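Keep in mind that this is a model prediction, so the values were computed, not measured. Both counts, for ligands and for their atoms, begin at 1 and track the order of listing. Throughout, numbering of the chain's residues begins at 1 and tracks the sequence.
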Amino acid sequence: MNLPLSEILPMGASAGPDGHLRIGGCDAVELAAEHGTPLYVYDVGTVRSMCREFVGEFGARYPDSRVLYAAKAYLGTAMARLVAEEGLGMDVVSGGELAVARAVGMEPGDVFFHGNNKSTAEVREAMDYGIGRFVADSFHELELVEAEAARRGVVQPVMLRLSPGVDAHTHAKTTTGILDTKFGFPIETGDAERAVRMALEAEHLDLTGAHIHLGSPIFELEPYAVGIDAALTFLAPLCGEGLSLRDFSPGGGFAVGYTAERLPPPVSEYADVIARTVAGRCRGLGIAEPRLLIEPGRAIVARAGVALYSVGGIKDIPGLRRYVSVDGGMGDNIRPALYGARYEALLANRALDAADEAVRVVGKYCETGDILVEEAMLPSPRTGDLVALPVSGAYGMSMAGNYNLNPRPAVVMVEDGSATLVRRRETYADMMALEVDAL
Ligand code: LLP
């Protein structure tokens with residue numbers, strides 16, 4: 001039978017004859033009964049397949065390329081092991097993400113430390129670990145890493161994050177390539193050149209290359225070409241002055257289809273533009289081709305994840321709207337409230353029923369803006385139904401919080417018909433454990 005939304009649900013998702021949504025061969029209704037809701041279900045096969053697509057498509061066009069998983073999209077120990085198994089390195093942005101990489105024994109040389117304000121403690125933790133690269137974001141950070149490397153008597157590889165002055169047409173809160181951003185050394189103001197010189201002169205830094213990240217999600221291909229061109233055009237003359245450009249990264253930001261109406265270009269097209277522009281510009285500028293580092297986060301995990309919620313109260317405002325309240329909301333998915341992000345929904349227990357009613361799916365948080373889906377087409381939802389939100393795998397759980405002291409959801413991974421609980425549901429005791437006067 002035809003499952004609606006199959007192009008945005010995890011790969012191979014289906015509906016059983018009972019109308020239950022099946023993900024990774026597991027019945028979503030049974031998963032919810034066993035683990036409770038809200039529940040995040042990740043399909044391992046979809047994650048693996050996306051990892052392979054990125055490695056394959058970029059590798060075919062630019063052999064000296066490496067895919068780094070941008071851990072901020074979703075990280076736990078199971079996910080870190082999974083991407084490492086698929087041969088990906090990792091982009092981390094905090095001591096916490098670094099600690100997870102370390103806990104699963106990720107090869108330190110494969111870990112790249114991003115972020116605009118690393119603390120002294122984080123720099124030390126990363127160097128204790130033997131981090132592959134710091135991607136330095138400020139003069140302050142260059143000084144910090146130089147001082148720490150000097151103290152240890154080592155030479156630390158670093159890359160520089162450049163701000164190329166390119167608008168990738170994303171939401172204002174997720175654009176990072178323009179001049180007016182906190183991220184990176186702007187080329188336009190001369191800071192990028194000063195940073196290159198400072199890093200080259202620093203005794204304990206080995207400047208291996210540069211990085212840009214324009215924002216996310218980026219549905220267009222052109223900004224990548226423009227950004228790469230701007231960065232390499234800036235870097236080329238410096239290659240004659242002592243810079244050995246061995247690493248180059250155009251960042252991440254590869255879009256995913258949250259709704260069936262707006263699907264992004266396939267990975268192969270991003271790979272085409274990026275590989276062609278890097279190779280072509282290097283040739284044109286007379287510089288050696290660097291290793292290419294790609295940092296997808298969302299595109300690896302978004303589609304793999306489905307959030308399951310139980311319907312509680314339903315409120316009708318005649319002539320206006322029907323509100324369907326679920327047991328999660330902005331605490332586990334802040335994206336609609338923060339960016340106006342749009343999702344689609346289906347009923348996991350009646351996936352094949354005709355979706356003929358427009359309703360607003362809202363969460364349980366004490367905020368009017370706690371809306372998960374402004375207008376979802378569902379088959380007349382009833383209390384006790386199970387709402388599934390496809391494409392919830394990225395930046396839901398990783399941005400989750402304890403607002404209203406709601407415990408954060410559990411996470412299960414499904415593969416070949418078996419489900420593994422990889423993160424248990426938070427308890428009230430977990431939340432109170434940090435209070436120093438705990439009873
Ligand atoms: N590399 C760098 C340096 C980044 O800052 C980011 C995302 C990525 C890679 C991965 O981008 P992705 O491939 O996942 O799009 N919380 C927002 C997105 C903010 C992303 C921040 N940096 C959201 O929920 O849409």
Side-chain angles (χ1 to χ4, degrees), residues 47 50-51 53-54 58 66-75 79 83 88-94 97 111-118 133-138 141 159-164 166 168-178 181-185 209-220 223-224 227 231 247-258 262 264-265 267 270-271 274 292-305 307 330 332-343 372 389 391-401:
V47 176
M50 291 315 301
C51 290
E53 194 170 341
F54 270 92
F58 278 90
R66 194 74 216 279
V67 181
L68 312 174
Y69 172 57
K72 58 180 82 68
Y74 169 64
L75 190 63
M79 183 60 73
V83 295
L88 273 61
M90 203 183 280
D91 140 11
V92 301
V93 291
S94 69
E97 290 182 355
V111 182
F112 290 62
F113 201 162
H114 287 266
N116 70 301
N117 197 17
K118 304 166 185 80
R133 303 276 186 275
F134 284 98
V135 183
D137 207 292
S138 67
E141 182 180 339
M159 293 168 65
L160 296 179
R161 173 150 181 182
L162 307 177
S163 169
V166 174
H169 309 127
T170 65
H171 189 279
K173 288 199 175 93
T174 59
T175 193
T176 54
I178 56 170
T181 168
K182 70 173 180 172
F183 293 107
F185 295 100
H211 169 276
I212 57 172
H213 172 76
L214 303 174
S216 93
I218 304 174
F219 280 83
E220 299 161 43
Y224 285 99
D247 295 322
F248 179 75
S249 176
F254 310 103
V256 298
Y258 282 98
R262 196 177 186 206
V267 175
Y270 288 107
I274 290 172
L292 177 63
L293 302 163
I294 302 296
E295 293 163 0
R298 184 191 317 269
I300 299 288
V301 279
R303 184 177 173 190
M330 66 191 296
D332 63 89
N333 186 351
I334 190 78
R335 302 191 69 259
L338 194 56
Y339 314 120
R342 290 182 54 218
Y343 288 84
L372 282 173
L389 234 65
V391 206
S392 291
Y395 303 108
M397 276 304 290
S398 64
M399 293 172 87

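Taking a cut-off of under 4.0 Å to the non-hydrogen atoms of Arg161, the atoms of ligand 1 that pass are 3 (C). Under a 4.0 Å criterion applied to the non-hydrogen atoms of His211, ligand 1 contributes the atoms 3 (C). Residue contact check: Pro296 has heavy atoms under 4.0 Å from atoms 13 (O) of ligand 1. Against a heavy-atom cut-off of under 4.0 Å, Ala70 is close to the following atoms of ligand 1: 8 (C), 9 (C), 10 (C).
Protein heavy atom closest to atom 5 (O) of ligand 1, with residue, atom name and distance, is His213 CD2, 3.4 Å. From the protein, the heavy atom lying nearest to atom 22 (N) of ligand 1 is Lys72 CD, 3.4 Å.
Residues Phe54 and Leu88 fail the side-chain proximity criterion, which asks for heavy atoms closer than 4.5 Å. Residues Cys51 and Ile300 have side chains in contact (heavy-atom distance under 4.5 Å, counting atoms from C-beta outward).
Considering backbone and side-chain atoms together, Gly297 places an N or O closer than 3.5 Å to an N or O of ligand 1.
At least one heavy atom of Met399 lies less than 4.0 angstrom from ligand 1. Contact annotation: Lys173 has no heavy atom less than 4.0 Å from any atom of ligand 1. Residue contacts with ligand 1 do not include Phe183, since none of its heavy atoms lies under 4.0 Å from the ligand. Within the structure, the closest approach of Gly253 to ligand 1 falls below 4.0 Å when heavy atoms are considered.
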| request: List the steps, then state whether ring-ring contact (aromatic ring centres under 6.0 Å, His included) holds for His213 with His114. | output: CA-CA 11 Å; His213 172 76; His114 287 266; 8.2 Å; no

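A side-chain donor-acceptor contact under 3.5 Å links His169 and Glu220.
Contacts between Asp91 and ligand 1, counted as non-hydrogen atom pairs separated by less than 4.0 Å, involve the side chain only.
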